[in-house]
Amino acid sequence: MQMQDDLLAMRDSFDVAEVSSGQLAASTAAANDIDRNLISDRSRTASGGVNTGNTSRDTGGIALAARETTRVKSTQASGAAREVAKKVQREKTARAEASIRSVMEANKGAIYAIYNRALRRDPTLQGKVTVQLVIEPNGSVSGIKLVGSELANPALERKLLARIRLINFGADNVEKTTLNYSIDFLPS
């Protein structure tokens, strides 16, 4: 209702008598001719295609064939290359220290069980034991020797060596590996 009142008020504010109906109906101007450019109209025409007649099929094969190389001989480079090759060969032939360490960690429970039994008899027993291991390509321990021990307990050391000798490191395509391995024994 309020909107209707506002519209009536607007009607009263304009003088409609000034506008004659003749001026609105009679027009002397001509409308412009409208040309619509629709996409659908152009869909029936051809695009013109790709003109491949002007493209070059010569890729410059002659220039590529003319490339030259130069060989440089250096005694330092060949000596360094030989050292790298020897190092790679040594790495291939030796058993990886990481794999030895992981196998020893897997057998740590059995080794520490022997130490814990001896620790019950002597609670002050602690120290570092270093053994020299000789590991065959088939993974067995062919030689073990006590290099150093801070335990000062020959019976425990013999038992530890006997247990470590039982460890199998797994067959691998390597040569016989000899290394020193240290184990720290500390009461918990």
Side-chain angles (χ1 to χ4, degrees), residues 49-188:
V50 178
N51 185 5
T52 59
N54 295 334
T55 56
S56 173
R57 298 208 193 279
D58 184 15
T59 58
I62 296 170
L64 289 175
R67 182 177 58 96
E68 295 181 14
T69 59
T70 305
R71 285 193 182 229
V72 178
K73 291 186 179 181
S74 171
T75 58
Q76 290 179 340
S78 62
R82 272 188 252 124
E83 289 298 320
V84 169
K86 285 180 184 178
K87 183 177 181 183
V88 168
Q89 185 179 8
R90 277 184 295 210
E91 287 176 1
K92 286 182 183 178
T93 59
R95 190 173 291 267
E97 190 174 328
S99 68
I100 294 170
R101 188 169 307 284
S102 67
V103 171
M104 290 298 286
E105 287 294 319
N107 288 285
K108 188 162 93 171
I111 295 169
Y112 271 88
I114 297 168
Y115 168 70
N116 287 332
R117 271 185 259 140
L119 191 62
R120 283 186 230 136
R121 289 185 211 110
D122 184 6
T124 63
L125 196 62
Q126 68 179 15
K128 183 178 191 177
V129 174
T130 304
V131 294
Q132 182 181 40
L133 295 170
V134 179
I135 304 170
E136 295 295 323
N138 65 2
S140 65
V141 178
S142 64
I144 186 166
K145 183 172 78 172
L146 187 64
V147 176
S149 175
E150 297 172 354
L151 293 177
N153 188 332
L156 174 61
E157 293 163 357
R158 278 193 308 276
K159 290 177 185 176
L160 291 173
L161 292 176
R163 178 59 187 104
I164 294 171
R165 185 183 296 277
L166 297 175
I167 296 174
N168 191 331
F169 290 89
D172 202 355
N173 189 15
V174 294
E175 291 182 4
K176 186 189 311 188
T177 305
T178 303
L179 78 140
N180 291 345
Y181 191 83
S182 297
I183 305 170
D184 288 322
F185 292 102
L186 300 170
S188 45

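- Within the 4.5 Å cutoff, side-chain heavy atoms of Leu156 are placed close to those of Leu125.
- Ile183 is not listed as a side-chain neighbour of Lys128, based on a closest heavy-atom distance of 4.5 Å or more.
- Separating the CD1 atom in Ile114 from the CZ atom in Phe185 is a distance of 8.5 Å, to the nearest 0.5 Å.
- For the pair Ile100 and Arg95, the minimum side-chain heavy-atom distance is below 4.5 Å.
- Interatomic distance, CD1 of Ile111 versus CG of Asn116, reported as 12.0 Å (0.5 Å rounding).
- A donor-acceptor pair under 3.5 Å is formed between the side chain of Asn107 and the backbone N or O of Val103.
- Of the charged side-chain nitrogens involved, none lies within less than 4.0 Å of a carboxylate oxygen, so that Glu105 and Arg101 do not count as a salt-bridged pair.
- Two residues are said to be in side-chain contact when any heavy atoms from C-beta on lie closer than 4.5 Å; Val129 and Leu151 meet this criterion.
- Taken to the nearest 0.5 Å, the CG atom of Leu186 stands 6.5 Å off from the OH atom of Tyr112.
- Taking 4.0 Å as the cut-off between side-chain N and carboxylate O, Lys176 and Glu136 count as a salt-bridged pair.
- For the pair Ser182 (side chain) and Asn180 (backbone), a donor-acceptor distance under 3.5 Å is absent.
- The CD atom of Gln132 sits 8.5 Å away from atom CG of Leu179, with the distance rounded to the nearest 0.5 Å.
- Here the shortest heavy-atom pairing between Gln126 and Pro187 reads OE1-CD, 3.2 Å.
- Side-chain contact between Glu97 and Tyr181 is absent, with no heavy atoms from C-beta onward closer than 4.5 Å.
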Acceptor/donor pairs from residues 157-172 side chains to any protein atom, 3.5 angstrom cut, sequence neighbours excluded:
{"residue": "Glu157", "atom": "OE2", "partner": "Ser149", "partner atom": "OG", "Å": "2.5"}
{"residue": "Asn168", "atom": "OD1", "partner": "Gly170", "partner atom": "N", "Å": "2.9"}

